[in-house]
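By convention in this document, chain letters (A, B, ...) are assigned in the order of the sequence lines, proteins followed by strands, and residues within each chain are numbered from 1. It should be emphasised that the depicted structure is a prediction, and the values quoted were computed from it without experimental measurement.
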Amino acid sequence: KNQVEQSPQSLIILEGKNCTLQCNYTVSPFSNLRWYKQDTGRGPVSLTIMTFSENTKSNGRYTATLDADTKQSSLHITASQLSDSASYICVVSGYDYKLSFGAGTTVTVRA
Amino acid sequence: KAGVTQTPRYLIKTRGQQVTLSCSPISGHRSVSWYQQTPGQGLQFLFEYFSETQRNKGNFPGRFSGRQFSNSRSEMNVSTLELGDSALYLCASSPNERETQYFGPGTRLLVL
């Protein structure tokens with residue numbers, strides 16, 4: 001059973017609008033949670049990495065939140081741009097160094 | 001700093017052949033991990049090397065193997081290729097296991 005679940009599977013938004021992606025995990029004990037952006041045909045690029053003591057972290061227009069109690073994280077994209085069209089992957093690291101990957105959310109930004 | 005580089009970028013092989021993929025991590029990074037990505041399965045962890053030692057291994061058959069050299073460069077080998085091995089193979093490096101991984105562009109393997 002996948003220990004990291006992402007939702008929605010895909011979404012379409014208009015340029016300039018905001019959107020929020022969700023990540024629920026069951027990995028325990030938990031070390032850190034990472035969000036990656038992957039453009040089609042390219043390797044993932046790290047957006048944020050958070051430990052259990054961090055509630056929020058921003059990287060430009062990307063803001064990630066973490067609730068370690070409920071084991072939920074979200075990635076908020078503000079004022080979306082066409083270049084935000086990509087797959088966003090949530091990755092959770094346990095203390096055994098193993099990484100658990102979500103299936104990703106595909107975001108399509110339309111003009 | 002130069003990023004993670006992978007060679008070759010594209011590869012076409014036939015069933016039964018073997019293939020070796022190469023990864024050069026970011027200078028100073030000692031941890032190198034390999035992943036397989038397919039449309040249906042997403043990112044699947046293959047193995048991780050740290051200072052020439054395999055520290056973690058995913059659930060892949062023994063046909064998949066790897067190694068890391070003293071300069072942290074890593075190679076991955078797949079023997080007796082199957083059609084289902086067609087995928088994007090990604091390499092990622094990090095200074096250590098608890099820091100952000102930086103991914104390479106990947107090697108796209110097509111098995112005919």
Colleague: Are W34(B) and L109(B) connected in a single hydrophobic cluster, I mean Ile/Leu/Val/Met/Phe/Trp/Tyr linked by side-chain heavy atoms less than 4.5 Å apart?
Modeller: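 Yes, same cluster.
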Colleague: Mind checking whether Q38(A) and L88(B) have side chains closer than 4.5 Å, heavy atoms only?
Modeller: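 Q38(A) vs L88(B): side chains touch.
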Colleague: In the single-linkage hydrophobic clustering (I, L, V, M, F, W, Y; side-chain heavy atoms under 4.5 Å), do F64(B) and F45(B) co-cluster?
Modeller: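 F64(B) does not cluster with F45(B).
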Colleague: Taking the side chain as every heavy atom from C-beta outward, state whether Q101(B) and L99(A) have any pair of such atoms under 4.5 Å apart.
Modeller: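 Side-chain contact under 4.5 Å: yes.
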Colleague: Using every non-hydrogen atom in the two residues, find where L43(B) and P44(A) come nearest and quote the distance to one decimal.
Modeller: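 Smallest interatomic distance, heavy atoms only, reads CD1-CG, 4.2 Å.
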Colleague: Are L83(B) and L110(B) co-members of a hydrophobic cluster defined by side-chain heavy atoms under 4.5 Å apart?
Modeller: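 No, it is not one cluster - the side chains of L110(B) and L83(B) are not joined through contacts under 4.5 Å.
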Colleague: Side-chain donor-acceptor contacts of residues 7-17 of chain B below 3.5 Å, not counting sequence neighbours, with atom names and distances?
Modeller:
unit_1	atom_1	unit_2	atom_2	d
R9(B)	NE	G106(B)	O	3.2
T14(B)	OG1	Q17(B)	OE1	3.2
Q17(B)	OE1	T14(B)	N	2.8

Colleague: Is it the backbone or the side chain of Q6(B) that comes under 4.5 Å from a heavy atom of chain A, or both, or neither?
Modeller: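 It is neither, since no heavy atom gets under 4.5 Å.
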